[in-house]
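All values below come from the heavy atoms of this structure, side chains included, with hydrogens, waters and symmetry mates left out.
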Amino acid sequence: MKTSWRTASLVATAASVLALTTACGQDNATAPASAAQNVGATAAAGDYGSPGAGTGTVAGAGNGYGADGSKTSASPSPAAPAGKLTVAANPDLGNVLTDGSGLTLYRFDKDTANPPKSNCAGDCATTWPPVPADDATAGAGIDKALLGEVTRADGSKQLTIGGWPAYRYAKDVNAGDVNGQGVGGKWFALAPDGKKATLSALPGLSVRKDPKLGDIVVDKKGMTVYRFMKDQAWPKSVSNCTGACLEKWPAVGPVNADDTEGVKKKGLMPFTRPDGVKQMTVNCWPIYTFSGDKAPGDTNGQGVGGTWYAVSPDGKPVGAPGK
């Protein structure tokens, strides 16, 4: 897997320009992104996450990587394949990179990305198994140009994201677990671009996998985005939610096409409401959030009045009758 930063940049720029100059109503395929839940507690400083230590305790003080402190270490089990990487929407961390099984991937502050180098071996690699590079592929919302590999001291190939070596955490046993987040102040969940995952890193619009609704669009805060069936998209975008309606269903403001992931690009543009306020659209359909949703992942607005529905990546109303 070879990384071409210039090519990726040029392609992204061309795509955003095309999206902003395309008329409403044209179709374009989009790729959904996966989602996950649960947030792990941050361990105390100095804890590198020994599988045998309790959360929040200082483990492995003798070797600094969270093993049991002994001089010997067992041979690690063969690492599971990475598979198709996906993007998980976490309510506290934003977009998090996961492997094909939904397990969170991490980066280590003692590593380097330029050039890529892993400084986690021995007991450290038992607690934080390196992710193999061999079969890793980029899923929706992941730039395949950011996938690379680094040769470890034992000759094995480890996956890198944006140059950063990727690891799993031994205490993560279920898809969506992020028990390794912040361990020792040096281990952090990976964002899809190789940076540390933070809520501020969530794009203006992105896609998450809802367990009941499937792929739906969310805003920068991870809040579900909705469509109003009484609105209009063609021949021009028209919102029929005004006054008290807007208090319950706030209009989503303009979002730069470059600040989106997994959402259909054509017809992704703002329009001006009659009151002069600009509102964002997906496939030219005006979009809103719901005041009744209190936390990322809430979908309390789904089906309200038979006229409000979550938005799919191509702008369709998810679960609407006949849609």
Side-chain angles (χ1 to χ4, degrees), residues 36 38-83 85-86 88 90 93 96-113 115-136 147-191 194 196-197:
N38 302 335
V39 177
T42 300
D47 182 4
Y48 285 81
S50 167
T55 301
T57 62
V58 177
N63 54 35
Y65 290 107
D68 58 11
S70 65
K71 296 295 184 179
T72 60
S73 61
S75 297
S77 301
L85 306 183
T86 58
N90 185 286
L93 299 177
V96 172
L97 195 64
T98 63
D99 66 11
S101 298
L103 292 175
T104 301
L105 302 187
Y106 298 89
R107 51 175 276 181
F108 184 32
D109 274 359
K110 289 189 175 181
D111 287 349
T112 59
K117 182 181 179 181
S118 169
N119 288 304
C120 176
D123 291 329
C124 175
T126 300
T127 302
W128 301 90
V131 179
D134 299 340
D135 76 329
L147 273 61
E149 62 183 35
V150 61
T151 302
R152 298 177 55 80
D154 61 4
S156 62
K157 303 292 186 180
Q158 181 176 0
L159 175 68
T160 62
I161 308 295
W164 287 98
Y167 306 82
R168 301 183 180 95
Y169 183 40
K171 285 187 179 180
D172 286 349
V173 295
N174 299 311
D177 285 351
V178 286
N179 298 312
Q181 174 66 15
V183 167
K186 297 183 184 301
W187 291 91
F188 299 93
L190 272 164
K196 298 175 184 178

* Taking atom types as modelled, is there a side-chain donor on Y169 or D177 under 3.5 Å from an acceptor on the other? -> no
* Shortest non-hydrogen contact between C120 and A125, atoms and distance -> SG-N, 3.5 Å
* **For K196, all residues meeting salt bridge (Lys or Arg N to Asp or Glu O under 4.0 Å), sequence neighbours excluded** => D109
* To do: Go through the steps for L147 and I161 under the test side-chain contact (heavy atoms from CB on, under 4.5 Å), then give the verdict.
  => CA-CA 5 Å; L147 273 61; I161 308 295; 4.1 Å; yes
* Residues which pass side-chain contact (heavy atoms from CB on, under 4.5 Å) with A191, listed by chain and number, not counting sequence neighbours -> D193, A197
* Contacts of type side-chain hydrogen bond (donor to acceptor under 3.5 Å, both in side chains), residue T151, not counting sequence neighbours -> K157
* A189 backbone acceptor or donor facing Q181 side chain under 3.5 Å -> yes
* Asked: Got a sec, which residues hit side-chain hydrogen bond (donor to acceptor under 3.5 Å, both in side chains) with T104, two or more places apart in sequence or on another chain?
  -> none
* To do: Might you point out which heavy atoms bring P130 and R152 nearest each other, and give the distance in Å?
  => CG-CZ, 3.4 Å
* To do: Could you go through the ring-ring contact (aromatic ring centres under 6.0 Å, His included) check for F108 and W187 one step at a time?
  => CA-CA 5 Å; F108 184 32; W187 291 91; 4.2 Å; yes
* Not counting sequence neighbours, which residues clear side-chain hydrogen bond (donor to acceptor under 3.5 Å, both in side chains) with R168? List them please. => D99
* State which residues pass salt bridge (Lys or Arg N to Asp or Glu O under 4.0 Å) with D135; sequence neighbours excluded, sorted by chain then number. => none
